[in-house]
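Accompanying notes for the structure given below.
Predicted model only: the values in this text are computed from it and were never measured.
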There are 2 protein chains.
Amino acid sequence: MSVGREGRLSAWIERFAAHFAEEGIPLIGGRILGYLLVCQPTERTAAELSQELEASSGSISTNLKFLVNAGLVTKRTRRGRQAAQYRIDEKRWADLVQRKLDALVSVRELTESGMRLMSGDPERALRLRAVNELYTWLATELPPLWERRPSPSTR
Amino acid sequence: MSVGREGRLSAWIERFAAHFAEEGIPLIGGRILGYLLVCQPTERTAAELSQELEASSGSISTNLKFLVNAGLVTKRTRRGRQAAQYRIDEKRWADLVQRKLDALVSVRELTESGMRLMSGDPERALRLRAVNELYTWLATELPPLWERRPSPSTR
DNA sequence: CCTTGGCTTCGGTCAACACTGAAGCCATAG
DNA sequence: CTATGGCTTCAGTGTTGACCGAAGCCAAGG
């Protein structure tokens with residue numbers, strides 16, 4: 001008994017969501033992201049997501065709000081009391097990655113301020129200095145690298 | 001009434017711990033790291049940490065075990081039933097950062113396997129493809145950059 | 001004005017986890 | 001062999017946060 005394409009896709013969505021759950025994105029939020037990346041057609045209403053992902057309407061609503069707010073999902077409203085359509089905004093995925101890199105680099109501010117507190121006692125500052133140098137290197141290398149990132153290929 | 005150097009340092013330790021708490025390191029674990037980065041002398045026993053950081057012996061024990069296991073802290077035992085000494089191993093800090101970068105890059109495996117599931121339907125794969133390209137770029141750029149990282153300056 | 005569909009809000013439940021403090025466990029010294 | 005100091009383990013507590021589902025709210029249509 002083999003699992004069909006859709007079955008394999010939902011297993012993939014589950015792995016996808018699991019990964020981001022480890023990074024703090026709620027499981028249902030991750031499922032929405034994974035699903036919206038591969039569904040056909042590309043747009044879904046909240047009710048459809050609720051049914052497809054077997055999640056309560058409340059959870060879908062909360063997580064969609066979060067994802068729309070993060071810019072990863074776009075809400076399209078239509079006239080005539082029709083349900084809003086949600087779709088992924090894959091171009092904004094870079095923002096997500098950038099936030100990760102920023103968080104990493106931002107530790108430097110901590111180590112720098114720590115170094116300032118220790119000025120006048122270089123011996124004692126040795127350990128912090130080693131850590132500070134690592135983050136200083138990251139802070140000088142990562143942002144320029146990120147700027148050189150190629151724009152996504154069209155088609 | 002000004003706050004002394006030690007007072008400012010413990011405020012710094014608290015900010016330090018708060019940052020890493022957001023990344024999933026327990027608050028007390030973060031305090032231990034911050035404290036061991038700046039304390040003088042550089043080595044402390046579990047009992048001393050417990051007193052300095054006002055944390056229970058159990059919490060200190062659990063977190064030290066975690067940090068030693070992660071390689072960030074080194075345990076030094078001495079003969080004669082003396083308390084073990086703990087000190088930071090600042091050189092291992094790079095491991096921590098590397099794990100972060102690896103986690104980021106590893107998303108590529110997810111997007112790649114998703115792309116494979118969508119082969120034969122390029123139209124439908126468009127959204128995932130854009131995301132995949134981003135992670136592919138990261139996977140080709142970050143590891144080499146990391147290798148070029150300078151070794152910490154000695155003194 | 002009332003109904004209807006559809007999202008959002010909110011109280012409640014459940015699980016996970018950090019933290020505590022006391023009990024347990026060793027290895028050495030007496 | 002017993003006492004002692006010192007870490008580790010463990011059961012219990014409190015908190016946090018995801019999730020559910022029912023109630024609420026809103027806009028358009030009847």
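Residue B/Asn63 has its side chain nearest to C/dC19 when only C/dC19, C/dA22, C/dC7 are considered. The side chain of A/Pro26 has D/dC19 as its nearest neighbour among D/dT8, D/dC19, C/dC7. The B/Ser59 side chain lies nearest to C/dT20 when the options are C/dT8, C/dA22, C/dT20. When each of D/dT8, D/dC20, C/dT20 is scored by its nearest atom to the side-chain atoms of A/Ile28, the top-ranked nucleotide is D/dC20. The side chain of B/Tyr86 sits closest to D/dC7 out of C/dC19, D/dC7, C/dT9. Closest to the side chain of B/Ala55, from the set D/dC19, C/dT20, D/dC7, is C/dT20. Of the candidates C/dT8, D/dT9, D/dC19, D/dT9 carries the atom nearest the B/Thr62 side chain, counting heavy atoms from C-beta on. Among the nucleotides C/dT20, D/dT8, C/dG6, the one closest to the side chain of A/Ala83 is C/dG6.
Residue A/Ile32 contributes atom CD1, which lies 12 Å from atom C1' of D/dC19 at whole-angstrom precision. Taking atom CD of residue B/Gln85 and atom C1' of nucleotide D/dC7, one finds them 14 Å apart after rounding to whole Å. When rounded to the nearest whole Å, the span between CD1 of B/Ile25 and P of C/dC17 equals 15 Å. Atom CG of B/Leu64 is separated from atom C1' of D/dC7 by 10 Å (rounded to the nearest Å). Between the CD atom of B/Glu22 and the C1' atom of C/dA18 there is a distance of 16 Å, given to the nearest Å. Here C/dA18 presents its C1' atom at 18 Å from CD of B/Glu23, a figure rounded to the nearest Å. Atom CZ of B/Arg31 is separated from atom C1' of C/dA18 by 11 Å (rounded to the nearest Å). Regarding B/Leu67, its CG atom lies at a distance of 12 Å from the P atom of C/dA18, rounded to whole Å.
For B/Lys65 and D/dT9, the shortest distance from a side-chain N or O to OP1 or OP2 is below 4.0 Å. Using a 4.0 Å cut-off, no side-chain N or O of A/Lys75 falls inside it from OP1 or OP2 of C/dG6. The side chain of A/Ser56 contributes no N or O atom lying less than 4.0 Å from OP1 or OP2 of D/dC19.
Side-chain contact between A/Arg44 and A/Gln85 is absent, with no heavy atoms from C-beta onward closer than 4.5 Å.
Within a 6.0 Å radius of CD in B/Glu43, other residues, nucleotides and ligands contribute more than 12 heavy atoms.
The pair B/Asp95-B/Arg92 counts as a salt bridge, with a side-chain nitrogen and a carboxylate oxygen less than 4.0 angstrom apart.
Nearest heavy atom pair, residue A/Gly71 against residue A/Asp89, reads O-CB, 3.8 Å.
Classification of the A/Trp93-A/Phe16 ring pair by plane angle, with boundaries at 30° and 60°, yields tilted.
B/Ile60 comes within 4.0 angstrom of nothing in the nucleic acid, heavy atoms only.
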